[in-house]
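Written out below as structure tokens is the structure these notes cover.
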Amino acid sequence: MGDYEVVSHTLEPVEGDNQIALTIHATDGSKWEYGIPYNPSTGRYTFEEIDVLENDFGEEFTEPLIDELEALVEKLCAE
């Protein structure tokens with residue numbers, strides 16, 4: 001893990017695109033932004049960088065993040 005921790009993060013749909021924006025702010029002032037594409041007909045998404053985030057921030061951050069992401073994709077696909 002790095003010498004920083006997550007201060008906050010946001011997951012929000014990208015208007016006009018089948019993509020979710022993830023923004024992470026860390027204690028050292030760093031900011032990471034990711035675009036996570038998803039398929040509204042199948043509910044599947046692609047987020048290969050999750051392993052990097054787990055390495056940087058640990059399972060205690062990534063496991064709830066995955067749950068949050070899956071819930072948002074499910075909600076968006078139901079709309």
Side-chain angles (χ1 to χ4, degrees):
M1 279 182 31
D3 294 330
Y4 43 80
E5 296 178 13
V6 173
V7 172
S8 66
H9 75 278
T10 57
L11 276 173
E12 54 193 7
V14 175
E15 190 173 332
D17 197 1
N18 295 328
Q19 191 170 178
I20 296 170
L22 168 62
T23 305
I24 301 171
H25 296 272
T27 53
D28 71 346
S30 296
K31 175 181 169 184
W32 292 269
E33 297 176 304
Y34 299 93
I36 305 167
Y38 70 94
N39 184 323
S41 60
T42 64
R44 298 182 85 184
Y45 64 89
T46 304
F47 188 36
E48 297 170 359
E49 294 88 351
I50 194 69
D51 292 336
V52 174
L53 294 181
E54 186 172 322
N55 187 49
D56 286 348
F57 301 116
E59 287 181 11
E60 56 278 350
F61 172 70
T62 55
E63 287 181 6
L65 177 67
I66 291 169
D67 293 341
E68 187 180 349
L69 175 60
E70 289 175 353
L72 180 55
V73 169
E74 185 177 327
K75 177 184 172 214
L76 293 170
C77 290
E79 293 178 348

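As a basis for the values below, the full set of heavy atoms in this structure was taken, side chains included, without hydrogen atoms, waters or symmetry mates.
Expressed to the nearest 0.5 Å, how far CG of Leu11 lies from OH of Tyr34 amounts to 12.0 Å. Here the CD-CD distance, from Glu12 to Glu15, works out to 11.0 Å after rounding to the nearest 0.5 Å. Atom CG of residue Leu65 and atom CD of residue Glu54 lie 11.0 Å apart, to the nearest 0.5 angstrom. Atoms CZ and CD1, from Phe57 and Ile50 in turn, are 10.5 Å apart once rounded to the nearest 0.5 Å. Taking CG of Asp51 as the reference point, atom CG of Asp56 lies at 11.0 Å (rounded to 0.5 Å). To the nearest 0.5 Å, atom CD1 of residue Ile20 and atom CD of residue Glu68 are 10.0 Å apart.
Closest approach of Ala26 to Val7, counting heavy atoms only: C-CG2, 3.5 Å. Residues Val73 and Gly43 share a closest heavy-atom pair of CG1-O, 3.3 Å. Minimum heavy-atom separation, Gln19 to Gly35: OE1-CA, 3.0 Å.
The environment of Glu74 atom CD is sparse: at most 12 non-hydrogen atoms of other residues, nucleotides or ligands sit within 6.0 angstrom.
Looking at heavy atoms from C-beta onward, Leu53 lies in side-chain contact with Leu22 at the 4.5 angstrom threshold. Here the side chains of Thr46 and Ile36 are not in contact, with every heavy-atom distance at 4.5 Å or above. Within the 4.5 Å cutoff, the side chain of Tyr38 has heavy atoms near those of the Cys77 side chain.
A side-chain contact (heavy atoms from CB on, under 4.5 Å) with Trp32 holds for exactly one of Ile24, Thr23, Val6; it is Ile24.
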Apply the test side-chain contact (heavy atoms from CB on, under 4.5 Å) to residues Asn39 and Tyr45: give CA-CA distance (whole Å), side-chain angles for both, the deciding distance (0.1 Å), then the verdict. CA-CA 6 Å; Asn39 184 323; Tyr45 64 89; over 6 Å; no
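For Thr27 (side chain) and Glu5 (main-chain N/O), a donor-acceptor pair under 3.5 Å exists by modelled atom type.
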